[in-house]
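All remarks here apply to the structure that follows.
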Amino acid sequence: MIEIYLRLADRALTPVIVVVAIILFLRGHDYPGGGFIAGLTVAAAIELQILAQGATPVRERFGRYLLPLVGLGLFTAISAALLGMYQGGFFKGIWLKFSILGAEIKVGTPQLFDLGVMLVVIGMTVTYLLRLTEASEQRSNDVFDGEQQMEEVDA
Amino acid sequence: MITVSFDLILDILLAVLSVSLFICFVRLYIGPNPPNRTVAFDTIAIHAVAIIALFAMRSDASSLLDAAIITAILGFVGTMMLARYMERAELRDWETDKD
């Protein structure tokens with residue numbers, strides 16, 4: 001049985017953590033932040049869900065997306081690196097400037113590369129967090145069954 | 001009349017927090033069982049948040065505040081994971097009545 005405190009913390013904190021991750025991702029190039037730490041932050045949000053709801057619902061919700069996410073992220077990162085070849089070198093940055101509502105926004109291949117890194121980090125980290133949680137739950141269930149059998153033998 | 005600058009106050013606070021953080025690390029090292037070490041870990045995470053926030057104020061680096069937020073979140077999640085681990089563990093293994 002999961003504590004109500006943890007469930008409330010999950011419901012309140014998970015959106016906040018995801019918003020912080022998006023902020024970290026968006027300002028990554030010139031300031032602290034970027035794809036790796038944003039991916040780890042999203043993984044922390046999903047880990048909070050694993051703690052609050054158990055591994056099984058989270059596996060049902062995210063499990064089938066994890067490995068394709070890693071592949072998609074690798075594809076995105078490598079294609080961002082290869083797009084630089086068009087500019088004259090591997091990993092050369094290509095920048096596009098938009099101006100929306102007076103604010104100037106620069107989007108380029110570094111953002112694309114960060115997006116790929118973020119997807120890879122989310123997929124890998126959530127995969128091993130789920131595996132570790134499932135292994136520990138399996139083990140504690142085994143121990144619990146063993147104790148019950150022992151009690152039956154004693155009775 | 002002694003005039004105390006704001007930076008001096010921040011320095012004093014940082015020094016006090018450093019001593020307190022050292023005491024927490026001592027508890028983390030000698031703590032006889034995992035619950036003590038978990039509380040020490042949680043306190044160390046809170047100290048890290050406080051020190052990062054004070055340092056951000058001291059050096060006018062507002063982007064360090066994000067590091068403080070991330071440290072707070074990860075400290076909370078880490079404490080939750082340790083608490084979940086201890087919830088399933090055998091409590092009588094930790095009773096150290098050896099002396």
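Quick caveat, the model's predicted, so the values are computed rather than measured.
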Portion of A/Ala9 that has a non-hydrogen atom of chain B nearer than 4.5 angstrom
side chain
Residue selection (most heavy-atom pairs with chain A, distance under 4.5 Å) from B/Ile69, B/Ile73, B/Leu74
B/Ile73
Applying side-chain contact (heavy atoms from CB on, under 4.5 Å), run through A/Leu6 and B/Arg84 and close with a yes or a no.
CA-CA 11 Å; A/Leu6 245 183; B/Arg84 173 56 60 85; 3.5 Å; yes
Would you say that A/Arg7 contacts A/Ile4 through its side chain, given a criterion of any heavy-atom pair below 4.5 Å between the two side chains?
yes
Please state whether the side chain, the backbone, both or neither of A/Leu24 comes within less than 4.5 Å of a heavy atom of chain B.
side chain
A/Thr76 backbone acceptor or donor facing A/Ser79 side chain under 3.5 Å
yes
Just by modelled atom types, is the B/Leu28 backbone N or O under 3.5 Å from a matching donor or acceptor in the B/Arg37 side chain?
yes
